[in-house]
Amino acid sequence: QVQVVESGGGLVQSGGSLRLSCAASGSIGYIYRMGWYRQAPGKQRYLVAVITDGGNTDYADSVKGRFAISRDNAKNTVYLQMSSSKFEDTAIYYCYADLVTNYGLRGDYWGQGTQVTVSS
């Protein structure tokens, strides 16, 4: 079994910073990509940021220059540093890990989501 657990969500003021964390555990053979999606009420879920096993990153245009993704491979953990927060960043943030299990199965594993609310 593989588990993905998010933490760090909460309330932040406009212009403030918040760091989300996500740890994968269980029968993990190797993690290729880790990243974050978000979904606001009435809107479609979309990819916010992703980081590869080689450290390459990509960001949605809406967060470029404000968010930073990083990972700690020894801990199977990915982070999302949110800076210069805007009200439109308010959403449920979902972590995912693209990995292969110890049994040789490749797939995406998801966290339950963590709420981020940006106050004005």
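Values below: all heavy atoms of this structure, side chains included; hydrogens, waters and symmetry mates excluded.
Residues Phe67 and Leu18 share a single hydrophobic cluster, defined by chaining ILVMFWY side chains whose heavy atoms lie under 4.5 Å apart. Taking hydrophobic clusters as Ile, Leu, Val, Met, Phe, Trp and Tyr residues chained together by side-chain heavy-atom distances below 4.5 Å, Leu47 shares a cluster with Ile92. Hydrophobic cluster membership differs between Tyr46 and Trp110, with clusters built from Ile, Leu, Val, Met, Phe, Trp and Tyr side chains linked at under 4.5 angstrom. Linking ILVMFWY side-chain heavy atoms closer than 4.5 Å, directly or via other members, places Ile31 and Tyr109 in a single hydrophobic cluster.
Without hydrogens or angle criteria, Ser85 side chain to Gly16 main chain gives a donor-acceptor distance under 3.5 Å. Formation of a donor-acceptor pair under 3.5 Å by the Glu6 side chain with backbone atoms of Cys95 is found in this model. Between the side chain of Ser83 and the backbone N or O of Ser17 there is no donor-acceptor pair closer than 3.5 Å.
Residues Val12 and Met82 fail the side-chain proximity criterion, which asks for heavy atoms closer than 4.5 Å.
Within the 6.0 Å centre-distance limit, the rings of Tyr96 and Tyr37 are counted as a close aromatic pair.
For the atom pair CG of Leu20 and OG1 of Thr114, the computed distance is 6.5 Å after rounding to the nearest 0.5 Å. The CG atom of Leu99 sits 9.5 Å away from atom OH of Tyr32, with the distance rounded to the nearest 0.5 Å. The structure places CG of Asp72 at 10.0 Å from CE of Met34, a figure rounded to the nearest 0.5 Å. Interatomic distance, CD1 of Ile28 versus CD of Gln3, reported as 8.0 Å (0.5 Å rounding). Expressed to the nearest 0.5 Å, how far OG1 of Thr57 lies from NZ of Lys64 amounts to 9.5 Å. Summarising the geometry, atom OG1 belonging to Thr52 is positioned 10.5 Å from atom CG belonging to Asp98; distances are rounded to the nearest 0.5 Å.
Of all heavy-atom pairs spanning Thr77 and Ala23, the tightest one is OG1-CB, 3.6 Å. Between Gly113 and Tyr94, the shortest heavy-atom contact is CA-CD2, 3.6 Å. Minimum heavy-atom separation, Val4 to Cys22: CG1-SG, 3.2 Å. When all heavy atoms of Trp36 and Ser21 are compared, the pair lying nearest together is CH2-O, 3.6 Å. Summarising the geometry of Ile69 relative to Tyr59, their closest heavy-atom pair is N-OH, 2.9 Å, with the distance given to 0.1 Å. Scanning all heavy atoms of the two residues, the minimum distance from Arg38 to Val63 falls at NH1-CG1, 3.8 Å.
Salt-bridge formation is not detected for the pair Lys86/Asp89: no Lys NZ or Arg NE/NH1/NH2 atom is positioned less than 4.0 Å from an Asp or Glu carboxylate oxygen.
Environment of CD in Gln13: sparse, with no more than 12 heavy atoms of neighbouring residues, nucleotides or ligands closer than 6.0 Å. Other residues, nucleotides and ligands contribute over 12 non-hydrogen atoms within 6.0 Å of the CZ atom of Arg66.
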